[in-house]
Amino acid sequence: MESDETLTNGNPNEFDNSIREAELKKTAIHESIDQEAEARILVLYTGGTIGMKSNNQGVYEPKANFLVGELKHLPMFHDVEYAEKYLMSDVADYLAMPFYNHPDPDVNRYSKGKRILYKIIEYDPLLDSSNMNMTDWFRIATDIHSNYEQFDGFIVLHGTDTMAYTASALSFICENLGKPIILTGSQIPIFEIRSDGRDNFLSSLIFAGHYCIPEVMVSFDNKILEETEHRKKILPVLMHFVTVDWDAIYRSGSLEKFSVATTLCRNVGVLRLFPGITAQTVRAFMSTPMQGVVLQTYGVGNAPSNRPDLLLAFKEATNMGVIIVNITQCTKGFVDTSYETGKALSDVGVIGGGDMTPEAALTKLSYILGKETYTHEKKRTMMSRNLRGEMKVVAKEDMSIMDFELIEGVAKTLCLSSKEEVVKLKDALYPNLMCTSAKTGDILALEKLRGTGGNFSSANQDGRTALHVACREGHLEVVQYLLQHGASVHAKDLDKKTPLMDAVQNKHFSIISILVQTGAIITLQPVILAMELCRAASQEDVDTLKAWKIAGADLNESDYDNRTALHVAVSLGHVETVKFLLDNGGSWMLNDAFGKTAEEHAELLGRTDILELISKAKEQHTQGT
Ligand SMILES: NC(=O)C[C@H](N)C(=O)O
């Protein structure tokens with residue numbers, strides 16, 4: 001061989017020269033490596049059509065240990081000459097793309113192009129994505145985590161069938177992400193003569209190597225989409241190859257390091273409404289062990305408001321602790337409560353899911369329900385928050401005021417300098433911020449306000465406190481939270497209304513019980529209370545009568561004509577109301593101002609059905625005494 005000959009037979013000077021040349025060459029190599037901007041990308045090859053091969057029956061199947069070797073023959077994926085010269089030691093098993101000068105001026109302002117070195121880790125077995133499950137999501141996230149520091153970005157080669165699920169799941173379980181994760185795949189294997197796979201993979205490598213976008217994204221068809229909107233191809237794209245919409249990028253404000261969530265809840269599901277769906281189906285779907293349901297409704301989040309049976313089934317489920325999130329069946333659009341039919345759902349505890357895709361909503365539910373340290377109310381609040389850019393349109397009533405960092409913001413804008421000024425501003429704003437948070441059931445915001453000196457007994461300009469508002473809205477956990485943190489059950493607003501009255505008027509039975517247990521009492525004058533009872537009786541509003549009863553009211557209270565609720569119910573022939581009143585201590589013997597008892601009114605009207613109820617009540621009364 002040439003070198004041996006030189007060694008053994010050659011002139012010693014020639015030998016010295018060749019060493020010197022080799023040394024010079026080495027230095028040149030190092031210089032060129034040092035000068036060349038470089039990005040290192042880790043590619044997790046999980047399977048999918050992109051790396052499949054047709055078997056002898058002409059069917060595509062994943063083929064192990066095949067992709068890397070084949071890519072090495074494609075010049076746009078591997079620069080053989082460069083690799084032979086420079087890929088050694090720690091990068092020996094990497095592939096090297098040809099040096100690429102990115103046309104985007106934003107990217108190229110500081111460097112004249114980049115060399116992307118990438119390493120492929122092939123999963124065993126390679127999976128068709130239809131065979132993947134939650135454990136595979138964790139494996140991908142954990143692999144990214146353990147290689148996080150050595151790489152500038154990550155690509156996941158994945159089948160297209162369930163890519164939207166994996167991408168959405170990764171976006172949630174990868175917490176405090178600071179580097180790009182791009183999922184890509186193809187419809188035709190990368191080695192076929194015509195394949196979308198080559199472009200998709202190439203775009204992903206270039207994108208991951210040139211842009212530091214801290215999001216999970218999907219690369220397809222020369223477009224990079226945020227993971228959570230990937231299904232909706234019609235939405236504006238984040239990047240159309242050379243132009244990035246930087247404003248559309250979601251950035252976490254957290255100071256925490258990148259980590260991977262440890263648990264996902266599997267008891268979640270998607271239910272698509274259809275005309276004629278039965279309440280039985282809904283109940284069966286939402287029964288134990290179900291913990292979270294994505295409800296796909298019509299249009300802007302509508303469900304039939306003329307189906308009390310369905311609404312009751314949803315209400316039962318939310319009361320049992322199932323978290324239901326409302327998203328639309330349309331491929332484009334978002335959930336709004338401006339229609340009566342949409343509001344009916346939020347009234348029974350269904351949370352508005354804005355414009356989330358079904359995959360994002362489902363994996364978000366699974367992620368949040370997996371957070372064992374969160375209270376139920378916190379889980380509900382988190383579901384209505386935009387956590388990873390998955391909700392471009394947050395339903396107005398679901399938006400947390402704390403998202404705006406209001407106090408600091410206002411103080412800065414007004415250039416307040418002294419502590420006193422800031423305290424004054426706080427006094428003016430805090431009660432309203434607390435009421436707003438109580439209205440949306442946002443315990444996190446309340447906690448933040450308390451932590452920065454908020455006092456839950458302070459009232460806004462109408463004398464309303466956060467407790468008034470929570471009682472009115474029916475947020476049981478917020479009521480409990482406020483009471484445990486110093487809110488007064490005795491607070492009266494400018495209309496002399498207590499939180500108990502708010503709860504009664506809105507028929508929130510459990511809240512009424514808690515308030516009574518905490519010492520709340522009815523503060524209305526007896527005659528006014530009687531008028532309220534008579535009005536409820538006249539409207540056959542048994543639930544309001546029940547609410548007053550739980551609040552401690554005597555249902556025999558009489559108005560200015562000495563009429564009781566029972567007089568009114570009998571005179572108007574409201575049988576159910578009569579029955580409720582008799583069952584709850586209503587007296588048939590009290591005279592009104594015209595000298596008549598309720599029983600006499602029934603006789604005058606010839607209401608034998610009511611007279612029968614009265615005689616039954618009499619019997620029970622005699623047996624009881
Ligand atoms: N195009 C594809 O990748 C489809 C394939 N069945 C998969 O999801 O793995």
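One-based numbering, in listed order, for ligands and for the atoms of each.
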(Q) Against the six-membered ring of Tyr148, is Lys179 placed for a cation-pi contact (under 6.0 Å from the centre, within 45° of the normal)? (A) yes

Q) What atoms of ligand 1 come closer than 4.0 angstrom to any heavy atom of Ser186? A) 1 (N), 2 (C), 3 (O)

Q: Not counting sequence neighbours, which residues clear ring-ring contact (aromatic ring centres under 6.0 Å, His included) with Phe66? List them please.
A: Phe191

Q.
So if I count the atoms of ligand 1 from 1 in the order they appear, which ones are less than 4.0 Å from some heavy atom of Gly159?
A. 3 (O), 7 (C), 8 (O), 9 (O)

Q | Criterion salt bridge (Lys or Arg N to Asp or Glu O under 4.0 Å) on Asp152 and Lys114, from CA distance to verdict | A | CA-CA 13 Å; Asp152 301 299; Lys114 232 179 216 181; over 6 Å; no

Q. Among all protein non-hydrogen atoms, which one is nearest to atom 9 (O) of ligand 1, and what is the separation to 0.1 Å?
A. Ser129 N, 2.7 Å

Q) Gln187 heavy atoms, cut-off 4.0 Å: which ligand 1 atoms fall inside? A) 1 (N)

Q) Between Asp143 and Tyr123, does any side-chain donor sit less than 3.5 Å from a side-chain acceptor? A) yes

Q.
I want to check something: taking the side chain as every heavy atom from C-beta on, are Leu362 and Ser168 in contact at a cut-off of under 4.5 Å?
A. no

Q. Please state which protein non-hydrogen atom is closest to atom 5 (C) of ligand 1 and give its distance, to 0.1 Å?
A. Thr49 OG1, 3.5 Å

**Q.** Mutual orientation of the aromatic rings belonging to Tyr211 and Phe207 [parallel < 30°, tilted 30-60°, perpendicular > 60°]
**A.** parallel

Q) Polar-atom distance check: His158 versus ligand 1, any N or O pair below 3.5 Å? A) no

Q: May I ask you to check if ligand 1 and Thr160 share an N or O to N or O distance below 3.5 Å?
A: yes

Q. Out of Leu126, Asn131, Asp128, Thr162, who gets a non-hydrogen atom closest to atom 7 (C) of ligand 1?
A. Asp128

